[in-house]
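Everything on this sheet refers to the single structure shown next.
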Amino acid sequence: MNKAELVDVIAAKTNVTKKDADLILSAMIQTIVEVVSGGDKVSLVGFGSFEPRQRLAREGRNPKTGEKMIIPATRVPGFAPGKLFKDKVAPNS
């Protein structure tokens, strides 16, 4: 499902226009990105949590030459699904 299809489903389920559903979805995504990039966590009960994670520096290899290289530490976005989401996707695990 892409964003346009998601907007269609949201509009149908909430009885709002597609334009309003797109504005709401875009605002939600933008807010999550801003909060997580600012170093904070966003928790949506039942869905999951978005948070910044620190990836440590590590040794890697150049795929072309096989030469060892140091991959620098960096901050990356992370997502941990909530229990309800996990149970819906994999009910018997």
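One-based numbering along the sequence shown.
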According to a 4.5 Å side-chain heavy-atom criterion applied to Ile, Leu, Val, Met, Phe, Trp and Tyr, with indirect links allowed, do Val16 and Leu23 form part of one hydrophobic cluster? no
Can you check whether Ile71 reaches Glu59 side chain to side chain, under 4.5 Å on heavy atoms? no
All side chain to side chain donor-acceptor pair (under 3.5 Å) counterparts of Gln30, not counting sequence neighbours: Glu34
In chain order, what residues pass the side-chain contact (heavy atoms from CB on, under 4.5 Å) check against Ala73, with sequence neighbours excluded? Gln54, Ala57
Name all pairs fulfilling the side chain to side chain donor-acceptor pair (under 3.5 Å) condition that reach into residues 72-84, sequence neighbours left out, sorted by first residue then second. Lys83-Asp87
Could you pull out all residues at least two apart from Thr31 that satisfy side chain to side chain donor-acceptor pair (under 3.5 Å)? none
Could you work out, with side chain to side chain donor-acceptor pair (under 3.5 Å) as the rule, every residue matching Ser49, not counting sequence neighbours? Ser43
Has Asn62 got more than 12 heavy atoms of other residues, nucleotides or ligands less than 6.0 Å from its CG? yes
Please round to the nearest 0.5 Å and tell me the distance separating atom CG of Leu6 and atom CG of Leu25. 5.0 Å
By side-chain contact (heavy atoms from CB on, under 4.5 Å) - contacts of Asn2 (at least two apart): Ala4, Glu5
For Lys3, check salt bridge (charged side-chain N to carboxylate O under 4.0 Å, His left out) against everything at least two apart and list the hits. Asp22
Could you list the cluster mates of Val45? Members are the ILVMFWY residues connected by side-chain heavy atoms closer than 4.5 Å, either directly or through other members. none
Contacts of type salt bridge (charged side-chain N to carboxylate O under 4.0 Å, His left out), residue Asp40, not counting sequence neighbours: none
What pairs with Lys13 under side-chain contact (heavy atoms from CB on, under 4.5 Å), at least two apart in sequence or on another chain? Val9
Taken in chain and number order and not counting sequence neighbours, the residues that satisfy side chain to side chain donor-acceptor pair (under 3.5 Å) with Arg53 are Glu51
Are side-chain heavy atoms of Met69 and Arg61 found at a separation under 4.5 Å? no
Using a 4.5 Å side-chain heavy-atom cut-off and chaining through intermediate ILVMFWY residues, the residues clustered with Val35 come out as Met28, Ile32, Val36, Val42, Leu44, Phe47, Phe50, Phe79, Phe85, Val89
